[in-house]
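Have a look at the structure below before the remarks.
Quick caveat: nothing in here was measured; it's all calculated off a predicted structure. Atoms considered below: every heavy atom in the structure, side chains included; atoms not considered: hydrogens, waters and symmetry mates.
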Amino acid sequence: MKIIPVLNIKQFEHRVPLTDFYSNDLSTHLHKNAAVVNKPHSHNFYLCVIFTKGKGTHEIDFNSYEVNTGSVFFLKPGQTHYWKFTNTPEGYIFFHTQDFYELHFSTSKLEQFPFYYSHKKHSSYNGKQKCTCTTNYQLQKY
């Protein structure tokens, strides 16, 4: 059985004194961390990534989700994931620990939010089939 590495938030930004929070533009993050982020791995922290450009696939817990402009993904500690892009993505990524969240929101737990759980639901939108996933939200202009 292949061992999937668990990444620690401290290994991403050594110059910044914050050990509970990390943020970066997605292109820089992917370039700086290509050796570890382009193969299956998990985290010991929460992750959010917003795609402002790009296409590809994001595999989360062995389920594949489309990456498009406007896709947003939320992951909780322990989820296995990796990306396969068909063109260069752009966007933003941030990580935070449970402790960071609880410093500001002591009355609610992160696990109560539904966007940290993967569920595929199919619905019709303008006559087209659309996949709405709790870990993959599409930003739409109104």
| message | Quick one, Phe21 with Phe95, criterion side-chain contact (heavy atoms from CB on, under 4.5 Å). Give me CA distance, side-chain angles, the key distance, then yes/no. | response | CA-CA 6 Å; Phe21 184 83; Phe95 310 152; over 6 Å; no
| Parallel, tilted or perpendicular: rings of His41 and His43 (30°, 60°) | perpendicular
| message | Who clusters with Tyr82? Use side-chain heavy atoms, under 4.5 angstrom, across I, L, V, M, F, W and Y, and order the result by chain and number. | response | none
| query | Got a second to check how far Leu47's CG is from Lys76's NZ, nearest 0.5 Å? | reply | 14.0 Å
| message | Can you tell me how far apart NZ (Lys39) and NZ (Lys2) are? Round to the nearest 0.5 Å. | response | 7.5 Å
Do you know which two heavy atoms are closest between [X] and [Y], and how far apart they sit?
X	Y	result
Phe100	Asp20	CB-O, 3.5 Å
Glu66	Ser71	O-OG, 3.8 Å
Pro89	Ser27	O-OG, 3.2 Å
Thr80	Phe62	CG2-CZ, 4.3 Å
Val6	Asn44	CG1-N, 4.1 Å

Would you say the side chain of [Y] lies within less than 4.5 Å of the side chain of [X], judging by non-hydrogen atoms?
X	Y	result
Ile60	Phe73	yes
Tyr46	Leu75	no
Tyr65	Val67	no

| field | ILVMFWY cluster, Phe45 and Val36 together (side-chain gap under 4.5 Å) | value | yes
| message | Heavy-atom count check: over 12 atoms from other residues, nucleotides or ligands less than 6.0 Å from Tyr92 OH? | response | no
| task | Show your reasoning for whether side-chain hydrogen bond (donor to acceptor under 3.5 Å, both in side chains) applies to Tyr22 and His29. | result | CA-CA 10 Å; Tyr22 165 88; His29 174 78; 2.7 Å; yes
Residues 48-58 side chain polar contacts: donor-acceptor under 3.5 Å, at least two apart:
residue: Thr52; atom: OG1; partner: Glu90; partner atom: O; Å: 3.3
residue: Thr52; atom: OG1; partner: Gly91; partner atom: N; Å: 3.4
residue: Lys55; atom: NZ; partner: Asn68; partner atom: OD1; Å: 2.9
residue: His58; atom: ND1; partner: Trp83; partner atom: NE1; Å: 3.3
residue: His58; atom: NE2; partner: His81; partner atom: ND1; Å: 2.8
residue: His58; atom: NE2; partner: Trp83; partner atom: NE1; Å: 3.4

